[in-house]
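Here's the structure, in structure tokens; my notes come after.
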Amino acid sequence: MTNSQWNDVDAYLTDLLVPADEALTAALADSAAAGLPEIAVAPNQGKLLHLLAQVQGARRILEIGTLGGYSTIWLARALPDGGRLISLEYDPRHAEVARGNLARAGLADRAEVRTGPALDALPLLEEEGAGPFDLVFVDADKANNPHYVSWALKLSRPGTLIVVDNVVRGGRVAAEDPADPAITGTRAMFDLVAREPRLDATAIQTVGAKGHDGLLLARVTS
């Protein structure tokens with residue numbers, strides 16, 4: 001299949017199964033207008049996150065990497081009354097856009113965006129007893145993926161689901177590339193998950209509007 005065919009299939013599936021939504025469309029538009037990189041998850045991937053959170057029965061969700069809040073909206077909408085989502089975003093400008101998008105979607109009461117390096121914020125979450133989280137979605141700088149997964153494990157409980165995005169890197173994850181920190185970080189994350197006895201995991205390749213990539217899904221077993 002060509003990239004054009006991947007896009008056509010994504011469009012077909014999205015048109016059928018992910019109806020147009022004003023808040024989500026506006027979130028993408030505002031993110032683009034603010035000059036944010038156009039790297040949010042695709043609509044059908046956002047719906048997948050939403051369904052995973054619902055199947056998980058998640059009441060507490062942690063997101064590492066907010067961008068403009070598109071995936072945050074999908075996840076926060078899966079929360080029941082009284083549920084809480086905390087999203088960590090490095091860039092204050094991105095966080096400001098995300099907060100506006102969440103407010104317009106009516107989710108400001110259950111979704112909080114915290115600004116600053118995630119590796120500074122994660123120990124603070126532990127100190128304040130914000131966890132354990134039922135679902136953790138990691139979609140931030142790939143060089144720190146092993147650190148993010150380690151912290152996700154610390155802030156989890158048996159049964160927590162950890163999802164890591166962009167783990168295939170166009171197929172390049174299968175080849176060592178010491179010049180690319182996204183590759184070395186992702187491979188180190190896979191090594192960590194493979195040897196961690198408390199995680200039961202798999203990864204899948206995806207193709208579509210976001211090209212050739214994939215997801216890691218890991219369940220905390222103990």
Side-chain angles (χ1 to χ4, degrees), residues 23-43 45-46 48-50 52-53 58 60-79 83-156 160-167 181-182 185-186 189 210 213 215-216:
L24 288 166
T25 299
L28 291 176
D30 280 8
S31 295
L36 275 59
E38 296 184 14
I39 55 174
V41 299
Q45 293 170 340
L48 173 63
L49 293 173
H50 179 82
L52 287 173
R60 294 185 181 183
I61 297 175
L62 173 63
E63 180 181 51
I64 303 175
T66 316
L67 195 62
Y70 183 78
S71 57
T72 321
I73 293 172
W74 276 113
L75 289 166
R77 282 179 168 176
L79 289 168
R84 184 185 185 198
L85 182 150
I86 298 175
S87 188
L88 308 179
E89 173 54 46
Y90 177 81
D91 190 312
R93 186 167 57 92
H94 295 182
E96 181 181 0
V97 172
R99 291 187 187 107
N101 287 332
L102 288 164
R104 179 174 48 228
L107 297 167
D109 63 331
R110 66 185 62 189
E112 173 189 359
V113 180
R114 300 190 181 187
T115 306
L119 293 179
D120 292 341
L122 289 162
L124 297 177
L125 290 178
E126 183 181 41
E127 288 177 14
E128 70 186 57
F133 293 95
D134 305 305
L135 186 149
V136 182
F137 178 50
V138 180
D139 189 11
D141 57 307
K142 312 311 173 187
N144 280 313
N145 269 346
H147 304 300
Y148 296 147
V149 170
S150 292
W151 271 105
L153 191 54
K154 289 181 184 179
L155 294 166
S156 70
T160 293
L161 179 65
I162 300 170
V163 182
V164 185
D165 199 13
N166 306 131
V167 299
T186 301
M189 181 271 297
K210 297 298 177 179
D213 217 318
L215 296 167
L216 169 93

List the atom of Pro123, the atom of Ala118, and the distance in Å for their closest heavy-atom pair. CD-O, 4.5 Å
Take atom CD in Glu96; do more than 12 heavy atoms of anything else shown fall under 6.0 Å from it? no
Is there a side-chain contact between Leu119 and Trp151, using heavy atoms and a 4.5 Å cut-off? yes
side-chain contact (heavy atoms from CB on, under 4.5 Å), paired with Leu62, selected from Ile162, Thr160, Leu88, Leu135: Leu88
Answer yes or no: is there a side-chain heavy-atom contact under 4.5 Å between Asp141 and Tyr148? yes
Note: Ile61 and Leu75 closest approach over all heavy atoms is CD1-O, 3.7 Å
Looking at every non-hydrogen atom in both residues, tell me the closest pair between Gly68 and Asn101 and how far apart they are. O-ND2, 2.7 Å
Residue list, side-chain hydrogen bond (donor to acceptor under 3.5 Å, both in side chains) with Glu128, at least two apart or on another chain: Arg114
Can you name the nearest heavy-atom pair linking Pro43 to Tyr70, along with the distance? CA-OH, 3.3 Å
Hey, is the main chain of His50 close enough, under 3.5 Å, to the side chain of Arg77 for a donor-acceptor pair? no
The single option from Val164, Asn144, Val138 passing side-chain contact (heavy atoms from CB on, under 4.5 Å) against Met189: Val164
With the side chain counted from C-beta on, respond yes when Leu161 and Asp134 share a heavy-atom pair under 4.5 Å apart, and no when they do not. no
Output, in order, the C-alpha distance, side-chain angles, deciding distance and verdict of side chain to side chain contact (heavy atoms under 4.5 Å, CB included) for Thr115 and Arg99. CA-CA 11 Å; Thr115 306; Arg99 291 187 187 107; 2.9 Å; yes
Please name the pair of heavy atoms, one in Pro146 and one in Gly185, separated by the smallest distance, quoted to 0.1 Å. CD-O, 3.1 Å
Looking at Asn145, Leu215, Asp213, which one forms a side-chain contact (heavy atoms from CB on, under 4.5 Å) with Asp165? Leu215
Show the nearest heavy-atom pair for residues Thr72 and Glu63, with the distance to one decimal. OG1-OE1, 2.6 Å
